[in-house]
There are 2 protein chains.
Amino acid sequence: MARVSAAARRELLIEATIRVMVRDGVAKATTRAIVAEANMPLGAFHYCFRSKEELLERVIETITDHTLDPALEGLRADGSLEERLRAGLGAYWQHVLDHPDEHRVTYELTQYALRESGLADVAKRQYQTYLAANTKVLETLAEVSGTTWSVPVPVLARYVTALIDGLTLLYLNEGDAGTAGAALDLGAEYVAGLARI
Amino acid sequence: MARVSAAARRELLIEATIRVMVRDGVAKATTRAIVAEANMPLGAFHYCFRSKEELLERVIETITDHTLDPALEGLRADGSLEERLRAGLGAYWQHVLDHPDEHRVTYELTQYALRESGLADVAKRQYQTYLAANTKVLETLAEVSGTTWSVPVPVLARYVTALIDGLTLLYLNEGDAGTAGAALDLGAEYVAGLARI
DNA sequence: GTCTATAGGAAGATAGAC
DNA sequence: GTCTATCTTCCTATAGAC
């Protein structure tokens, strides 16, 4: 292991942490489990990170980006406002179906961070990032289709964010992917209908 | 403490657990913290409950009822379908604003239970209970106003459940009660518009 | 930087006197 | 049933040789 720099080890530990969390849950991601996953000795942990809290801050930032990327990618499709909105939501939903355990971890991490005094604002920033992304999406969709929203964008952004988040959580906990997906389509149709020329 | 029966102690421990969880979080609700909150010796725990898991099962069932009660209460109002729906959602939302930490615990408990093999189906049952309650609400609202839903009730129930759940989580994590409340109103208006004579 | 060994504490659960 | 004292295990973090 002498051939890997400390900086590179930090990245390896972040990735190993996410793998452990996805497989076994946030509570099981102890420093011991993490270094074992990364094939490093226990002592390596504390000259790569000052504390476990410092690692978790990086993990939350990394996994939040993972969640957002597929949705923003899907929005690049062509077509009407409604078609593009459906494509974006569809891409996100497919990611949920393909990687349910990774999404479960994002919820666990939010709750975990919110209770740790040093990480409370990291949790808040996570949701502000979701909101900012959906706000940007709504503004862009209106702009390229030459319309405006008949509902204030901050309200609509929270509506969309909450529906996506709530349906994901419902699917993860209850398990009916088809009906939850239909509810997401219903939301896309409704939101698209709120655009005015 | 010799004057309290073991059965009564079980209830006292369940209530003490919820108080600790609301104040300090699920992870901090150790057996030691719980018995201290209930003013009992540590040894009392294990002749009231076989294990911590057995206690948590009872805690989840109890707190799920707490969450549902105010919403079902609010629905008893008079008025049109939309007025009654708004009253029910409004009563629920007021409960969230008044007791945010209690709602935070419900999310923490779901995640916690889902990772414990012995409690996984308790978590699933929690969400099935939410869904069943909202399904019942939608069916009752349609019945008393002589209408039917233009969208399949299972889809609509998931839509409502997810929007409520997502907006609660968003408010707890981000903090803008006013805008989240406005988004909930938007949802109530939309759903009410899906009723057909 | 890198590792082994260990400190120091807190968790759930139990043994055994009363 | 009731309590005190303790067992066992697992955690984060550090000390100190190389």
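These values consider heavy atoms only, across backbone and side chains, with no hydrogens, waters or symmetry-generated copies.
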Taken to the nearest whole Å, CD/B:E116 to C1'/C:dA11 is 13 Å
Per nearest nucleotide of DNA chain D, the residue lying toward the 5' end, B:R32 or A:T31, is B:R32
Residues in residues 50-62 of chain B with a heavy atom under 4.0 Å of DNA chain C, by number, are B:S51, B:K52
Rounded to whole Å, NZ of A:K28 lies from P of D:dC11 at a distance of 10 Å
Q: Ignoring backbone atoms, establish whether B:R9 has a side-chain N or O less than 4.0 Å from OP1 or OP2 of D:dG1.
A: no
note: B:D24, atom CG; C:dA11, atom P; distance rounded to Å ~ 12 Å
- Examine the side chains of A:T168 and A:Y92 and answer whether a donor and an acceptor come within less than 3.5 Å of each other. yes
- request: Count the heavy atoms belonging to other residues, nucleotides or ligands that lie under 6.0 Å from CZ of A:R50, then report whether that count exceeds 12.
  value: no
Rounded to whole Å, NE2 of B:H46 lies from C1' of C:dT14 at a distance of 8 Å
So ring pair (Phe, Tyr, Trp, His ring centres under 6.0 Å) across residues 115-140 of chain A, not counting sequence neighbours, yields A:Y127-A:Y130
Whole-Å distance, B:F49 CZ to C:dT14 C1', equals 18 Å
Can I get a per-line list of side-chain donor-acceptor pairs under 3.5 Å for residues 13-23 of chain B, giving both atom names and the distance, sequence neighbours left out?
residue: B:T17; atom: OG1; partner: B:L13; partner atom: O; Å: 2.6
residue: B:R19; atom: NE; partner: B:E37; partner atom: OE2; Å: 2.8
residue: B:R23; atom: NH2; partner: B:E37; partner atom: OE1; Å: 2.4

Taken to the nearest whole Å, CG/B:N39 to P/D:dC3 is 11 Å
Between CD1 of B:I34 and C1' of C:dA10 the distance, given in whole Å, is 15 Å
Is any side-chain N or O of A:Y47 closer than 4.0 Å to OP1 or OP2 of C:dG1?
-> no
Inset, instruction - Return yes if a side-chain donor-acceptor contact under 3.5 Å exists between A:H95 and A:H66, otherwise no. - result: no
Rounded to whole Å, CG of A:L42 lies from P of C:dA7 at a distance of 15 Å
Please tell me whether B:Y107 and B:Y112 form a close aromatic pair, meaning their ring centres lie under 6.0 Å apart.
no
Which of D:dG1, C:dT4, C:dG1 is nearest the side chain of A:A6? It is C:dG1
_Is it true that, when you exclude B:D98 itself, more than 12 heavy atoms of the residues, nucleotides or ligands shown sit nearer than 6.0 Å to its CG?_
yes
